[in-house]
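We name chains A, B, ... by the order of the sequence lines, and we start the count at 1 in each one.
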Amino acid sequence: MIISTFKYTLKREIRDYTSMLLMVFFPAILALIVGNALQGDFQAPKTEKYKVALIEGDMYMESLKSVFAAEAVSNITETIILNNHSEADNALLLGEIHGYIWYDSDEINFVVEDPELQGVAIITFILTQFTRNQNIFTHQNVNYNDYDVIGNRLLETYIQARGLSNNHIPRAFDYYGVTLTVLVCLFGSLYAIKIISDTLIGRKQERLLSVTNRLLPIYIGVLLASILLVAMQISVLLIFYKMVYGVFLGSNYFRLIAILFIFIIFSNLFGLALISVVKDYGIAYTLANIIILGSTFLAGGFVIIDLDHFGAGRLINQLLPNAVCQNVLFSTIYETNSVSFIEYIQVMAAGASILIIVAVLTNKRRLAK
Amino acid sequence: MSITMLEVQGLHKKYQNTVAVDDVSFKIDKQDIFGLLGPNGAGKSTTISIISGIIHRDKGEILVEGKNFDKNLKDIKRNMGLVPQDIIIFEDLTAKENLEYFGSLYGINNKTRKHNVDQTLEFIGLTDVANKFPKTFSGGMKRRLNIGCAIVHRPQIIILDEPTVGIDAQSRNHIMESIRKLNQQGATIIYTSHYMEEIQSLCNRLLIIDKGKVVESGNTNELLLKYNLNETYLIMLDKKIQNELCKQLNEIIGVVKCSINEKVLEIEAQANTFSLKHILDVIERTNYKFLSINMKRNNLEDIFLHLTGKTLRD
């Protein structure tokens, strides 16, 4: 019964051109809309390193030189040493450097040509960390040679904070590509809602109940078909993102696919629970859209909102399924190990269990009536 | 000796404050064509839903071929086919695929299924359009496919809930003939319809329910005789009829009502106490000649309205 339901549901849905077109084109259209908004970031990744000049100065500049000489930093930036300001200004005017840094009595100054460049953000971050930490090192009489270690550690902190890879200069679309993929996985729940309401709600359910006592195999067959369709859609989407926009997906594809597949199962169970509770396709569809977009908003998908000062940000990041999925994806793609795969599976299993219980209880209650 | 196929005792179902079915009992023999009648909201659909295993009853006993309904529900469902009132088929599956899918849900194996599907397609007259999608079908074709999905597994009991709603005369005739054929092949039929002439011509036994309760039940012909209290005669005479004739006719024992429409005399009389000869004698005595006589007996619809009343239902 599971296999035949799976087979015929798949046939039905593939023949439903409208929903197929919508499901395939929707992510692409969404990508184009976001792409337009982030047009500058859609260009091919810049292989050019950010060129920064350090102006000779006292011992703090020597320390800074060591930081910029660290391997992790030198992979992203190219540092040159200049003697004074006029040399640096000339180099900036001639386009030989993107910016320069000098130490002036009690503060470090960073002069930039284009503040929007990604390299500026990275260097600013390094400088902030450097100035914040230098007193501790001075107090501890850290040898200048240790700054190599410090440099690596500082960049690592930056990577963890922003999800950057050692070997990749991310563009905004790398970030949004992942967020969009998670969003489309969640939109997959609409598929579940549609297929279940087409098969197992109202009069159809009555007819099926006149055929068999056990609707569970039919539910499983229908959900498997929905999961496969969404998985196919996500595959198309990832290929599209990779081929068209060159979205950085890291190197651990197996883990990436496993994470997404688990999330697709979760989103389908969400659809099942929702239609089981609501019992009406239109209401379930609308509610799903609101929940999906709302949770994406909270998960920091398109609008970054700082909820930390309410103490909610951390909770959302740890409990909201799409936030957890996004985090584990970033962690896998950029190899930062900030969220473990096991942790992710635990959150998803807990969420899926709740959804299954809700679906089973509501269906049992309804059938008992 | 007849074999009891389905026996229902004291069936009761309540929805919140509304009693949908109240102490309904009936017995259906093997190969009966059993008509279930009732106005809207009488409890027909609830009764059908209960005996098809779609909804649970609150009280009552159901036996199918002597077996306990609840304990053998899985087997009973596989031996039963419900044709719902609404057309419930999958529009994005072809006619053949619809039958295959329902066949698989009824648990018939691949080889038997293939054979049954081909036979069913032929039976419902859709062989030529087997690979077409129902969305391209007419209402009648969809109705036939709706029936096909319920008989693809060769059930012993077939329940048809208003299977001829909204279709043309040809499709309706095909469906009626198909039901007779299925019955001849050994199936027991439970049939509901609002078309009384269908039930009268098809069903050998009837159950009339109203407001959840059984109003009448029994053999169709026996019920027709039992409730055939008045007969109506339409007599055409050679000239315009005067009121005097009606007065004389009204004096005859058994005549209930007499009315005139130019040359036509309409006489309603009690079936058992009345003599047509007396009427004809009076007509001749008053210098009229009769040209034709038609008699109209009570049909099922008259009986139904007599039992359930003429008040409009929701």
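Heavy atoms closer than 4.5 Å to chain A are found nowhere in B/Asp75, neither backbone nor side chain. Only the side chain of A/Leu208 comes within contact range of chain B, with at least one heavy atom under 4.5 Å from a heavy atom of that chain. With a threshold of 4.5 angstrom between heavy atoms, A/Ile14 does not approach chain B through any atom at all.
The side-chain heavy atoms of B/Asp92 and A/Lys11, taken from C-beta on, include no pair separated by under 4.5 Å. Side-chain contact between A/Lys7 and B/Tyr101 is absent, with no heavy atoms from C-beta onward closer than 4.5 Å. Proximity of B/Lys77 to A/Asn213: side-chain heavy atoms (C-beta onward) are separated by under 4.5 Å at one or more points.
Around atom OH of B/Tyr195, more than 12 heavy atoms belonging to other residues, nucleotides or ligands sit under 6.0 Å away. Annotation for A/Ile291: atom CD1 counts as buried by contact number, over 12 foreign heavy atoms lying within 6.0 Å. For NZ of A/Lys242, the number of neighbouring non-hydrogen atoms (other residues, nucleotides, ligands) closer than 6.0 Å is greater than 12. Enclosure of atom NZ in B/Lys135 by more than 12 non-hydrogen atoms of other residues, nucleotides or ligands within 6.0 angstrom is indicated.
Of the listed residues (B/Gly107, B/Pro155, B/Cys149), the one with the most heavy-atom contacts under 4.5 Å to chain A is B/Cys149. Between chain B and the options A/Arg203, A/Glu206, A/Met1, heavy-atom pairs under 4.5 Å are most frequent for A/Arg203. Interface check for chain B: of the options A/Lys204, A/Arg214, A/Arg15, the most heavy-atom pairs under 4.5 Å are formed by A/Arg15. When B/Arg78, B/Glu100, B/Gln85 are compared by the number of non-hydrogen pairs under 4.5 Å with chain A, B/Glu100 comes out ahead.
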Start with the C-alpha gap between B/Leu105 and A/Thr5, add the side-chain angles, then the distance that decides, and say whether side-chain contact (heavy atoms from CB on, under 4.5 Å) holds.
CA-CA 8 Å; B/Leu105 293 180; A/Thr5 302; 4.1 Å; yes
Set out, in order, the CA-CA distance, both residues' side-chain angles and the distance that settles side-chain contact (heavy atoms from CB on, under 4.5 Å) for A/Thr212 and B/Tyr106, then state yes or no.
CA-CA 7 Å; A/Thr212 175; B/Tyr106 279 113; over 6 Å; no
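Cation-pi geometry between A/Arg207 and B/Phe102 is satisfied (NZ or CZ under 6.0 Å from the ring centre, within 45° of the ring normal).
Between B/Glu97 atom CD and A/Ser4 atom OG the span is 12.0 Å, to the nearest 0.5 Å.
Minimum heavy-atom separation, B/Leu93 to A/Tyr8: CD2-O, 3.6 Å.
In the model, A/Ser210 has no side-chain atom that pairs as donor or acceptor with a side-chain atom of B/Ser52 under 3.5 Å.
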